[in-house]
Amino acid sequence: MPGPPRFLTLADVAEVLNTSSAQVYALVRRGELPAIKIGGRGQWRVEASQLEDFIQRMYDETRTFVDEHPFVEAADAEPRGD
């Protein structure tokens, strides 16, 4: 019985990330998500391991953003002097 596919279509990636194929295409074209172009019609494929690496990088970037921009509850914020 074969395991999960090594390569995913942009539509497959969009489903995993719960986003649109257009957004995934933009990630690929900007170089944020490594992919290969195959066949005469130039269909894009993303290796499953590259997708997992991308997801981990996004977690790392988000963690850095959250650390640098802590969330402040409205009740904890100082009143504004209007």
Side-chain angles (χ1 to χ4, degrees):
M1 184 165 284
R6 179 176 176 183
F7 291 97
L8 305 168
T9 65
L10 298 189
D12 294 336
V13 173
E15 187 174 329
V16 170
L17 296 177
N18 196 26
T19 191
S20 69
S21 293
Q23 180 62 40
V24 174
Y25 178 75
L27 291 171
V28 167
R29 294 292 287 145
R30 287 194 306 259
E32 296 177 44
L33 178 59
I36 60 172
K37 201 170 181 183
I38 61 167
R41 294 175 48 201
Q43 298 179 18
W44 290 98
R45 295 293 183 268
V46 176
E47 194 165 5
S49 63
Q50 291 291 340
L51 177 57
E52 291 304 319
D53 291 348
F54 171 79
I55 292 169
Q56 187 58 54
R57 282 194 314 277
M58 292 303 99
Y59 274 117
D60 294 343
E61 287 180 21
T62 301
R63 187 175 305 110
T64 298
F65 176 84
V66 168
D67 289 347
E68 292 174 356
H69 304 88
F71 181 74
V72 178
E73 294 286 340
D76 295 341
E78 295 183 23
R80 297 163 89 190
D82 293 315

For a quick test of your reading: what N or O donor-acceptor pairs under 3.5 Å do the side chains of residues 32-43 make, sequence neighbours left out?
residue : atom : partner : partner atom : Å
Glu32   : OE2  : Arg30   : NE           : 2.6
Glu32   : OE2  : Arg30   : NH2          : 3.2
Gln43   : OE1  : Arg45   : NH2          : 2.8

Practice prompt. Starting from the C-alpha separation in whole Å, work towards a yes-or-no answer on side chain to side chain contact (heavy atoms under 4.5 Å, CB included) for Phe54 and Val46.
Written response: CA-CA 11 Å; Phe54 171 79; Val46 176; over 6 Å; no
Worksheet, complete the sentence: CG of Leu17 to CE of Met58, rounded to nearest 0.5 Å, is 10.0 Å
Worksheet item: When clusters are formed by joining ILVMFWY residues with side-chain heavy atoms under 4.5 Å apart, either directly or through shared neighbours, do Trp44 and Phe7 land in the same one?
Response: no
Practice prompt. For residues 4-23, pull every pair meeting salt bridge (charged side-chain N to carboxylate O under 4.0 Å, His left out), keeping only residues two or more places apart or in separate chains.
Written response: Arg6-Glu47
Worksheet, complete the sentence: For Leu51 and Val16, the nearest pair of non-hydrogen atoms, with its separation, is CD2-CG1, 3.9 Å
Worksheet entry | Pairs satisfying side-chain hydrogen bond (donor to acceptor under 3.5 Å, both in side chains), at least one member in residues 16-27, at least two apart | Tyr25-Arg29
Worksheet, complete the sentence: Students should find that the hydrophobic cluster of Phe71, defined by side-chain heavy atoms under 4.5 Å apart, otherwise consists of none
Worksheet entry | Qualifying side-chain hydrogen bond (donor to acceptor under 3.5 Å, both in side chains) pairs with a residue from residues 48-60, counting only residues at least two apart or across chains | Gln56-Asp60, Asp60-Arg63
